[in-house]
Amino acid sequence: MNKNSLIYIAGHNGLVGSALTRCLREQGYHNLLFRDFRELDLTRQAEVEKFFEAEKPEYVFLAAAKVGGILANSTYPADFIYDNLMIQSNVIHQSYLHGVKRLLFLGSTCIYPKEAPQPLKEEYLLTGPLEPTNEAYAVAKIAGIRMCQSYNRQHGTDFISVMPTNLYGINDNFNPETSHVLPGLMGKIHKAKMNGDPTVMVWGSGKPLREFMWSEDMAAACIFLMNVDRALIPEDSGKLFNIGTEEEVSIRELAELICEVVGYRGELRFDPGKPDGTMRKVTDPSRLHALGFAHKVSLREGIAKLYQWYLNH
Ligand code: GDP
């Protein structure tokens with residue numbers, strides 16, 4: 001990309017899309033293209049066709065998706081599979097038809113098999129059954145990866161897929177029912193502090209291990225990959241890259257860290273009635289790191305930044 005390239009950010013209001021937009025602007029990219037959901041419904045083929053025909057973006061970050069935490073995923077699987085298949089099929093196909101120079105498709109590490117060895121390597125894709133709580137979402141994302149690879153093979157496109165670890169950051173979803181764990185717990189712990197509640201409920205056993213990345217570190221990785229010389233991307237990579245920090249914490253440790261940052265001194269209680277999901281999910285981002293990328297924000301720093309943002313909004 002050069003600073004004048006026309007860059008479309010699909011999903012610019014979301015956690016990743018908004019981080020991408022901020023980082024692109026900071027790096028001097030000024031020719032950015034967005035559409036609100038009300039102006040362009042990406043699940044509708046004709047609307048997406050018309051948009052690409054009119055705008056002809058040179059680069060596409062496909063960060064538009066229906067996303068949610070463990071409860072939302074297991075409650076609304078039809079919405080997760082339908083919306084994601086439609087959005088990505090429309091955007092990927094139109095990007096091919098309109099000669100987009102490079103597209104970056106965003107997935108998630110939940111595409112890897114439930115019992116895959118950890119840390120997760122890209123080559124574990126499609127080697128076993130998925131975690132049932134978010135299978136519908138994962139199947140849609142796997143279809144997106146295979147779609148990018150198939151277009152690369154058949155049409156010579158340059159479509160890259162990235163699988164970020166659990167992300168958190170500005171514009172996160174703090175709704176206790178539909179959020180992911182980090183903002184979900186932050187919202188609950190903050191309210192408990194404000195109300196003087198003696199306890200906070202943490203779902204599951206507190207034992208699952210997760211890796212978290214600040215959304216702007218992830219955005220920086222995406223911009224980095226958008227600019228990587230095609231010749232440096234290994235032939236056998238399938239243009240698939242994990243994005244992660246390799247820093248693991250248990251849900252209990254995460255909850256304790258949030259309590260520290262928020263300044264809550266009550267007690268954590270664990271609710272075994274809620275699902276743990278997969279017990280360990282940590283990426284092996286060495287393929288990305290080998291190209292020269294490193295993240296910057298530690299978990300403690302990121303939680304403090306997010307809490308500041310939460311307080312101001
Ligand atoms: P996952 O990483 O795809 O499993 O999705 P989540 O971020 O929703 O959940 C991660 C882990 O945190 C699971 O073991 C949850 O049971 C646990 N957890 C504990 N408290 C909460 C909470 O308040 N919200 C969410 N979403 N998860 C929680």
Side-chain angles (χ1 to χ4, degrees), residues 14-16 65-77 79-81 84 106-116 118-120 129-142 163-169 172-193 197 199-215 218 242-245 247-259 261-262 264 266-283 299 302-303 306-307 310:
L15 177 67
V16 174
K66 180 166 183 66
V67 297
I70 194 164
L71 197 62
N73 263 280
S74 49
T75 317
Y76 308 109
D79 295 356
F80 279 88
I81 198 161
N84 286 310
L106 270 115
S108 138
T109 51
C110 70
I111 57 146
Y112 293 116
K114 184 180 168 67
E115 305 294 344
Q118 304 272 344
L120 297 162
L130 300 163
E131 157 62 38
T133 49
N134 51 25
E135 192 190 59
Y137 173 82
V139 165
K141 289 294 176 182
I142 293 170
M163 302 302 124
T165 190
N166 293 29
L167 302 173
Y168 67 102
D172 223 328
N173 170 13
F174 292 87
N175 179 319
E177 293 304 316
T178 57
S179 65
H180 281 102
V181 58
L182 194 155
L185 283 179
M186 183 174 285
K188 285 199 240 177
I189 292 169
H190 174 78
K191 286 206 181 75
K193 179 187 163 185
D197 297 338
T199 60
V200 169
M201 269 310 202
V202 180
W203 298 353
S205 64
K207 290 183 185 144
L209 297 171
R210 294 287 185 277
E211 178 195 17
F212 298 92
M213 189 180 217
W214 179 244
S215 61
M218 149 72 182
N242 288 337
I243 302 182
T245 62
E247 292 167 27
E248 257 182 305
V249 287
S250 70
I251 297 301
R252 175 192 286 275
E253 288 165 334
L254 174 73
E256 289 168 352
L257 194 53
I258 297 173
C259 288
V261 170
V262 169
Y264 174 68
E267 192 193 331
L268 297 173
R269 290 267 171 85
F270 293 86
D271 177 1
K274 291 284 197 304
D276 268 338
T278 189
M279 287 313 285
R280 187 176 178 212
K281 199 162 63 170
V282 59
T283 60
L299 182 58
I303 290 174
L306 184 63
Y307 190 51
Y310 177 80

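As the structure lists them, so they are numbered: ligands from 1, and atoms in each ligand from 1. For this chain, numbers begin at 1 and follow the sequence in order.
Between the side chain of K281 and the backbone N or O of T109 there is no donor-acceptor pair closer than 3.5 Å. In this structure, K188 contributes its side chain and M201 its backbone to a donor-acceptor pair below 3.5 Å. Here the side chain of E135 pairs no donor or acceptor atom with the backbone of L130 at under 3.5 angstrom. When atom types are taken as modelled, the side chain of E211 and the backbone of T283 share a donor-acceptor pair closer than 3.5 angstrom.
F174 is listed as a side-chain neighbour of M186, based on a closest heavy-atom distance under 4.5 Å.
Listed by chain and residue number, the protein contacts of ligand 1 are G69, I70, N134, N166, S179, H180, V181, L185, K188, V202, W203, P208, R210, I251, P275, D276, K281 (heavy atom within 4.0 angstrom).
If you run side-chain contact (heavy atoms from CB on, under 4.5 Å) between S179 and each of L71, N173, D172, only N173 comes through.
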